[in-house]
Structure formats: structure tokens, C-alpha cells
Amino acid sequence: MAPHAEGGAGAGEGGGGSIANGGSNRRGDDLFVVDSPNVKYTDDAILSRYTYRTTSVARDGATGRYVATPRATAYDFKVDRRVPRTGVLLVGWGGNNGTTVTAGLLANRRGLVWETREGPRAANYYGSVVMGSTMKLGTDAATARDVNVPFHGVLPMVHPDDLVVGGWDISRMNLADAMDRAAVLEPGLKALVRKEMAALVPLPSIYYPDFIAANQEDRADNVLPGNKACMAHVEKIRQDIRDFKAANNLDKVIVQWTANTERYADVIAGVNDTADNLLRAIEAGHPEVSPSTVFAVACILEGAPFVNGSPQNTFVPGAVALAEREGAFVGGDDFKSGQTKMKSALVDFLISAGIRLTSIASYNHLGNNDGRNLSSQRQFRSKEISKSNVVDDMVEANSVLYKPGEHPDHTVVIKYLPAVGDNKRALDEYYAEIFLGGHQTISIFNVCEDSLLASPLIIDLVLVAEMMTRIQWRRAPTEATSDSDPEPAYKGFHSVLSVLSYMLKAPLTPPGTPVVNALAKQRAALTNIFRACVGLEPESDMTLEHKLF
Ligand SMILES: NC(=O)c1ccc[n+]([C@@H]2O[C@H](COP(=O)([O-])OP(=O)(O)OC[C@H]3O[C@@H](n4cnc5c(N)ncnc54)[C@H](O)[C@@H]3O)[C@@H](O)[C@H]2O)c1
Ligand SMILES: O=P([O-])([O-])O[C@@H]1[C@@H](O)[C@H](O)[C@@H](O)[C@H](O)[C@@H]1O
């Protein structure tokens with residue numbers, strides 16, 4: 001469907017603009033039905049009772065041994081089957097990721113095919129776990145062979161072809177010119193989407209120069225008045241969200257930060273440590289409140305889920321507390337697209353194989369504007385943190401290889417080399433101790449076309465975050481529950497959507513809860529939560545049906 005040049009945030013002359021599609025209230029869960037007394041389908045909902053089985057471990061004071069006790073907790077899940085007309089607003093829409101994901105959605109919606117040096121290429125959603133992967137539903141009743149189904153078909157999810165896209169940027173460049181500036185897409189594809197992209201102009205945004213590299217100043221020609229936090233900025237962003245929603249007749253809007261990496265904000269008692277202090281700090285124009293935190297606060301107050309695709313500490317304690325108080329959803333941080341995604345799988349493999357990893361050297365160079373921004377030390381430091389902490393959980397889980405506090409040497413280097421553009425080079429060396437004093441050295445040269453890897457993650461983050469807003473839970477009644485007891489109310493997942501961690505380098509988790517970076521565990525959590533919502537047990541690779549006969 002043609003883009004709505006008049007629709008979208010900042011509609012009207014010189015306003016934003018969005019790509020819109022018919023969208024529909026179609027139900028996306030017609031792939032299979034679960035035949036179980038614990039699962040009930042109504043017109044609007046899937047109701048399931050799920051028994052969550054865990055093992056509680058305590059140490060016996062007398063013997064020092066662990067005592068492991070199986071536990072079972074029954075939950076009721078309710079999934080709203082009505083697929084809403086959904087929009088996504090990107091902060092940093094005119095950037096490499098923003099233009100690439102927008103063109104990609106247009107190309108998929110129209111089923112475009114374009115010429116390249118290697119011959120024709122068709123639009124696809126490769127790299128999206130939701131649109132490009134499957135999960136094991138079960139085993140065939142007749143042949144006992146695995147039956148795998150598309151991930152997107154497990155729950156009634158929004159289809160990305162139906163997403164309406166808009167956004168903000170401190171650069172006023174329309175998305176066709178910005179697409180050229182990004183130098184990510186093939187000319188053949190750009191030619192097919194140019195007219196629609198040219199009609200899309202980012203809304204003006206807030207710009208507080210101290211938070212991003214000084215070299216970004218030459219882009220900042222589309223900024224709102226004021227160079228530090230204020231409530232007027234919060235209210236303007238909220239109004240932009242409402243305008244976008246109304247102009248495109250949306251039921252829901254998801255907002256994502258894919259703007260430049262900011263420096264960390266200092267966490268200061270009395271400023272951003274609590275929800276009320278943060279709101280007061282914004283009111284007072286405190287210089288330590290970043291643009292991304294202002295966007296987060298605006299989205300929280302507007303009830304629009306907000307996901308941070310960059311590594312800065314957008315979610316200062318006050319922002320998380322505000323999200324919890326408002327019952328709003330947030331997620332982050334920092335898309336896990338290439339070098340780090342590989343690391344979170346490889347380190348998991350090495351350590352869980354009993355190989356004692358002793359050093360990781362991660363070097364990368366890139367030539368896009370992200371690299372230019374990261375050439376500034378304070379912005380690099382934000383990225384260094386998110387790229388370094390990704391091994392912590394896997395190391396801490398193996399006390400056989402590592403004493404408490406021990407960990408591999410780990411260094412991260414990022415250099416800006418304009419010549420390679422968006423095609424980042426990631427060079428890694430993994431050095432490990434193996435049997436009887438041996439060593440294993442793994443050297444990887446990984447060319448990541450950064451925006452083509454990150455854009456499907458932006459889509460996944462929208463689709464999963466939106467799906468999570470339609471899933472509610474409650475503790476199931478127990479034998480002790482009497483008929484006269486009031487029916488317990490359903491409620492949403494915790495405001496911090498740690499289920500998004502598979503797509504993120506530095507997963508934000510509810511305060512005080514553990515961070516999981518191991519890629520396989522992250523995917524298992526996402527998969528098995530979706531399975532539980534339709535009353536299915538977690539995926540088990542025991543395949544006893546092929547062992548016990
Ligand atoms: N593979 C990847 O591309 C990848 C992976 C992980 C994280 N990221 C992060 O995603 C972000 C975007 O990456 P990119 O390659 O698209 O970068 P980019 O520099 O091409 O795009 C960022 C855009 O944000 C805009 N911007 C800056 N400050 C803004 C503000 N306050 N409000 C609105 N717009 C603003 C800039 O003008 C620019 O157009 C970066 O923070 C990057 O670190 C990217
Ligand atoms: O996910 P990943 O490929 O390790 O991370 C990438 C880094 O390697 C790159 O240097 C940076 O510019 C990108 O924003 C992204 O963060």
C-alpha cells in the first residue's frame with residue numbers, strides 16, 4: 001500500500017510521514033490448535049493452565065550437600081488473539097538502521113525483486129528470529145519425526161508487512177536521501193522504493209549535544225528548541241506518538257531507540273534514582289538527563305513500549321521505577337547483531353564443553369556514522385561495556401573452570417575506518433586451555449553488514465514487545481482455593497521485558513534479577529514462554545521416544 005505521506009507523526013506539510021499498510025485484526029494463530037484439557041480457545045483469547053516445573057536447591061548445613069527439591073507452580077495464561085493495527089516509531093529514523101529497516105518493510109510488503117551483480121534478489125526477513133526461524137512443535141504421531149513450525153505461527157503475532165513506520169531524527173533529510181547517505185542498500189532496491197522513501201521525513205527531535213559525539217553536530221538541522229531536558233520535550237514526544245497513532249488509525253505504537261550511542265549518564269541520588277526525582281530533574285532541566293531517557297519517560301507516560309537499541313544507560317533507576325509504577329513496558333539494551341551475537345554463542349559452547357577460555361580479543365572497525373560517533377571515547381565507553389559484559393553469566397556458571405572472580409582476559413576495540421562503510425569487520429581471537437596443558441586458538445574474521453543484521457532485530461523487538469502486551473498471567477487456584485474466593489485477576493509481565501534479551505547485548509532485567517547472555521538460553525526462554533502460553537511443555541531434546549524402545 002502506498003505510504004501515507006500525510007499520515008504519521010508530524011503529519012502535514014514538512015511533517016513526519018509514515019509507511020502504512022492495510023493492517024488488519026487478523027488472527028495469526030491458525031497454524032495449529034492444542035488439544036488439551038488445559039487449553040481453551042475463545043473468539044478473543046487463548047486460555048491455558050501451565051505447570052512451571054523447577055528445582056529448588058538448598059544446602060544441608062550438616063553435610064554441606066545440596067538438597068534438590070522439585071517444585072511445581074501452576075499458572076493461568078491469557079493471550080489476546082486480536083492482532084492490533086500496530087505502528088513503530090524509530091528514534092534515529094534517518095540513520096543507517098532506520099532507513100534500512102524502513103526500506104526492508106516496504107520491499108517485503110510489495111514483494112520486490114531487484115537486480116544485483118549476483119543476479120535477482122527478492123525481499124525476505126532473513127535474520128529475524130520471528131519471521132525466519134522455526135520451533136519444534138512436537139513429534140509426528142505416526143513417524144515420531146520432529147514437526148517444526150514457523151516461530152511467527154505459534155502465537156497470534158503482528159505481521160511485519162502490516163507495520164506502520166514513522167520516527168524522529170535530528171537530521172531533516174528525507175528517507176530516500178538518508179538511504180543514499182547510509183550506503184547500505186543495492187541501487188536496484190533503492191530505485192524501487194525511492195519514491196515512497198522520499199515522502200518520509202523524520203520529525204524534529206531533541207538534541208543535547210553533550211550526550212553524543214561532537215562530530216554529529218553537522219547533522220543536527222532538525223531539532224526542537226532547548227538543549228537540555230524539560231517537560232515540554234516530554235509532552236511534545238507524547239503528542240507526536242498520539243498524532244502518529246491517530247493519523248494512521250493505530251491500536252498500538254511501539255517506540256525504539258536506534259539513534260546514536262550516548263555517553264552514560266551519571267546516576268545521581270536525588271536526580272535520577274527514583275521516579276519522582278527523575279520527573280523533577282526533567283522539570284528542572286537537569287543536564288544529566290539524556291535524550292534517550294526523556295524519550296523513555298515520554299513513552300512510559302504515554303503507555304507506548306520503549307526499547308533501547310543502543311548501549312547507553314537510558315534506563316536509569318528512576319526510569320525503571322517509573323515504568324513499574326505506570327505498568328509500562330521497557331526493554332534494552334543494544335542490538336546484538338553480529339560480533340557479540342557470535343560471542344554469546346561461541347563462549348557458551350566453549351565453556352559448557354569444559355574448555356577453559358582464557359582470553360578474548362575483539363577488534364572491529366567500521367566506517368558508518370555509528371562508527372564515527374563511537375570514535376569519541378565517551379560514546380565508545382558505552383559500547384565497550386555492552387560488548388564486554390556479555391560473557392559474565394557463562395563464566396560465573398562454571399565453578400569447575402573458574403574460581404570465584406576469575407574470568408578470561410577480554411578486550412574490545414572499535415576503530416572508525418570510513419572506507420568500509422556499514423560493512424563492519426569483526427576480528428576475534430579466542431584463546432583457551434585444553435587437556436594436559438594444550439591450547440586451542442580460534443580466530444574469526446566476520447564481515448557484518450551492520451544494518452542488514454540489525455534491521456531484522458528491530459522488527460523482532462517490535463513484534464515480541466507488542467505480543468508481550470497481549471499476554472497476561474495469574475497464579476492458578478490451588479486445592480486450598482475455595483469456590484467463594486474471588487477469581488484472581490490477570491496481570492501483565494513485569495515492566496522490564498527481559499524476554500527480549502535474545503536480540504540485545506546487555507539485557508535489561510527487572511531489578512535484582514539475573515542477566516542471561518548465553519544465546520541458546522535466551523532463545524529457549526523466548527520459545528518456551530511462547531509455548532507455555534498455549535499450554536505446551538518446554539522444548540525438550542531428550543527424545544526419549546527414540547531411546548526407550
Ligand atoms: N548492527 C548495528 O547496526 C547495530 C548493532 C547494535 C547497536 N547499534 C546501535 O544502533 C544505533 C543506530 O545505529 P546506526 O548504524 O543506524 O547509526 P546511525 O548513526 O546511522 O543512525 C543514528 C541516527 O540517529 C540520529 N540521532 C542522533 N541523536 C538523535 C536524537 N536525539 N533524536 C533523534 N535522532 C537522533 C542521527 O542523526 C542518525 O540519523 C547506534 O547507537 C548503534 O550503536 C547498531
Ligand atoms: O553486535 P555487535 O556486532 O557486536 O556490535 C556492533 C559493534 O561490533 C560495532 O562496533 C558497533 O558499531 C555496532 O553498533 C554494533 O554494536
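Remember, it's a predicted structure, so these values are computed and weren't measured experimentally. Ligands are counted one by one from 1 in listed order, and the atoms in each one are counted from 1 as well.
- Scanning Ala259, Gly309, Gly92 for the heavy atom closest to atom 11 (C) of ligand 1 points to Ala259.
- Under a 4.0 Å criterion applied to the non-hydrogen atoms of Gly94, ligand 1 contributes the atoms 39 (O).
- Below 3.5 Å of separation, one finds no N or O of Gln216 facing any N or O of ligand 1.
- Between Asp370 and ligand 2, a contact under 3.5 Å exists for at least one N or O pair.
- Remark: Arg263 engages Asp210 in a salt bridge, criterion side-chain N to carboxylate O under 4.0 Å.
- Asp161 and Arg109 are not joined by a salt bridge, as no carboxylate oxygen comes within less than 4.0 angstrom of a charged side-chain nitrogen.
- Annotation: side chain of Met157 is in contact with side chain of Val464 (closest heavy-atom distance under 4.5 Å).
- Scanning the protein heavy atoms around atom 7 (C) of ligand 2, the nearest turns out to be Lys387 NZ, 3.3 Å.
- Ligand-side atoms of ligand 1 in range of Ser310: 9 (C), 10 (O), 11 (C), 40 (C), 41 (O), range being under 4.0 angstrom from any heavy atom.
- Counting heavy atoms only, Asp370 comes closest to atom 15 (O) of ligand 1 of the residues Leu366, Asp370, Leu504.
- Atoms of ligand 1 lying under 4.0 Å from at least one heavy atom of Arg219, given by number and element, are 36 (C), 37 (O), 38 (C), 39 (O).
- Below 4.0 Å from some heavy atom of Gly338 lie the following atoms of ligand 2, by number and element: 1 (O), 2 (P), 3 (O).
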Checklist entry - salt bridge (charged side-chain N to carboxylate O under 4.0 Å, His left out) between Lys521 and Asp348: does it pass, once the steps are laid out? => result CA-CA 9 Å; Lys521 287 186 177 181; Asp348 189 24; over 6 Å; no

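- Closest to atom 28 (N) of ligand 1 among all protein heavy atoms lies Ile170 CD1, 3.8 Å.
- The distance between the ring centers of Tyr208 and His233 falls below 6.0 angstrom.
- Atoms of ligand 2 lying under 4.0 Å from at least one heavy atom of Leu374, given by number and element, are 11 (C), 12 (O).
- In terms of polar-atom proximity, Lys341 is not counted as a contact of ligand 2, lacking any N or O under 3.5 Å from an N or O of the ligand.
- Salt-bridge annotation for Lys424 and Asp370: absent, with no side-chain N of the basic residue lying under 4.0 Å from a carboxylate O of the acidic one.
- Close approach of ligand 2 to Asp450 is summarised as follows: ligand atoms under 4.0 Å from at least one heavy atom of the residue are 13 (C).
- Atoms of ligand 1 lying under 4.0 Å from at least one heavy atom of Asn96, given by number and element, are 15 (O), 16 (O), 18 (P), 20 (O), 21 (O).
- From the protein, the heavy atom lying nearest to atom 27 (C) of ligand 1 is Asn260 OD1, 3.0 Å.
- Under a 4.0 Å heavy-atom criterion, Lys505 is in contact with ligand 2.
- Ranking the protein heavy atoms by distance from atom 19 (O) of ligand 1 puts Asn369 ND2, 2.8 Å first.
- Ligand 2 is approached by Ser337 to a heavy-atom distance shorter than 4.0 Å.
- The nearest heavy-atom contact from the protein to atom 6 (C) of ligand 2 is Lys424 NZ, 3.4 Å.
- Atoms of ligand 1 found under 4.0 Å from any heavy atom of Lys505 (numbered from 1 in listed order, with element): 6 (C).
- Residue contacts with ligand 1, taken as heavy atom pairs separated by less than 4.0 Å, involve Lys383 solely via side-chain atoms from C-beta onward.
- Residues Arg85 and Asp162 are not paired through a salt bridge, judged by the lack of any N-O separation under 4.0 Å between the basic side chain and the carboxylate.
- Ring geometry for Phe306 versus Phe295: interplanar angle under 30°, hence parallel rather than tilted (30 to 60°).
- Aromatic pair Phe493/Phe329: ring centres not closer than 6.0 Å.
- Only side-chain heavy atoms of Ser205 come within less than 4.0 Å of ligand 1; its backbone N, CA, C and O stay farther off.
- For the pair Asp169 and ligand 1, a heavy-atom separation below 4.0 Å is found.
- Contacts between Ile206 and ligand 1 below 4.0 angstrom, taking non-hydrogen atoms only, involve the backbone exclusively.
- Every atom of ligand 1 is numbered from 1 in the order shown, and the set under 4.0 Å from a heavy atom of Asp334 is 6 (C), 7 (C).
- Checked for salt-bridge contact, Arg121 and Glu186 miss the test: no charged N lies under 4.0 Å from a carboxylate O.
- Under the 4.5 Å side-chain criterion, counting only non-hydrogen atoms from C-beta, Tyr402 is not in contact with His407.
- Taking every heavy atom of Ile414 and a limit of under 4.0 angstrom, the matching atoms of ligand 2 come to 10 (O).
- The ligand atoms of ligand 2 that sit less than 4.0 angstrom from a heavy atom of Asn364 are 8 (O), 9 (C), 10 (O).
- Atom CD of Glu217 is surrounded by 12 or fewer heavy atoms from other residues, nucleotides or ligands within 6.0 Å.
- The Gln339 neighbourhood of ligand 2 comprises atoms 2 (P), 3 (O), 4 (O), 8 (O), with distances under 4.0 Å to a heavy atom of that residue.
- By the 4.0 Å N-to-carboxylate-O rule, Glu283 lies too far from Arg280 to be salt-bridged with it.
- Residue Phe335 places no N or O, backbone or side chain, under 3.5 Å from any N or O of ligand 1.
- Near Ala454, the atoms of ligand 1 lying under 4.0 angstrom from a non-hydrogen atom of the residue are 1 (N), 2 (C), 3 (O).
- Protein heavy atom nearest atom 21 (O) of ligand 1, with residue, atom name and distance: Gly95 CA, 3.2 Å.
- Contacts between Lys343 and ligand 2, counted as non-hydrogen atom pairs separated by less than 4.0 Å, are absent for every part of the residue.
- For ligand 2, the atoms lying closer than 4.0 Å to a non-hydrogen atom of Leu366 are 10 (O), 12 (O).
- None of Asp334, Thr261, Asn313 except one satisfies the side chain to side chain donor-acceptor pair (under 3.5 Å) rule with Ser386; the exception is Asp334.
- With salt bridges taken as basic N to acidic carboxylate O contacts below 4.0 Å, one links Glu406 and Arg356.
- In terms of polar-atom proximity, Ser337 is counted as a contact of ligand 1, with an N or O under 3.5 Å from an N or O of the ligand.
- In summary, Asp333 and Lys505 do not engage in a salt bridge, as defined by a charged side-chain N under 4.0 Å from a carboxylate O.
- Within 6.0 Å of NZ in Lys228 there are 12 or fewer heavy atoms belonging to other residues, nucleotides or ligands.
- Heavy-atom proximity to Val91, at under 4.0 Å, picks out these atoms of ligand 1: 32 (N), 33 (C).
- Between Asp240 and Lys245 there is no salt bridge, since none of the side-chain N atoms of the basic residue sits less than 4.0 Å from a carboxylate O of the acidic one.
- Nearest protein heavy-atom contact of atom 4 (O) of ligand 2 is Thr340 OG1, 2.4 Å.
- Remark: among candidates Asn97, Ile414, Asp218, the nearest residue to atom 4 (C) of ligand 1 is Asn97, based on non-hydrogen atoms.
- Taking the six-membered ring for Trp and the full ring otherwise, His439 and Tyr431 have centroids separated by under 6.0 Å.
- Within the 4.5 Å cutoff, no side-chain heavy atoms of Asp428 are placed close to those of Tyr363.
- Among Thr258, Leu457, Val223, the residue whose heavy atom lies nearest to atom 12 (C) of ligand 1 is Thr258.
- Within 6.0 Å of the CE atom in Met231, the count of heavy atoms belonging to other residues, nucleotides or ligands exceeds 12.
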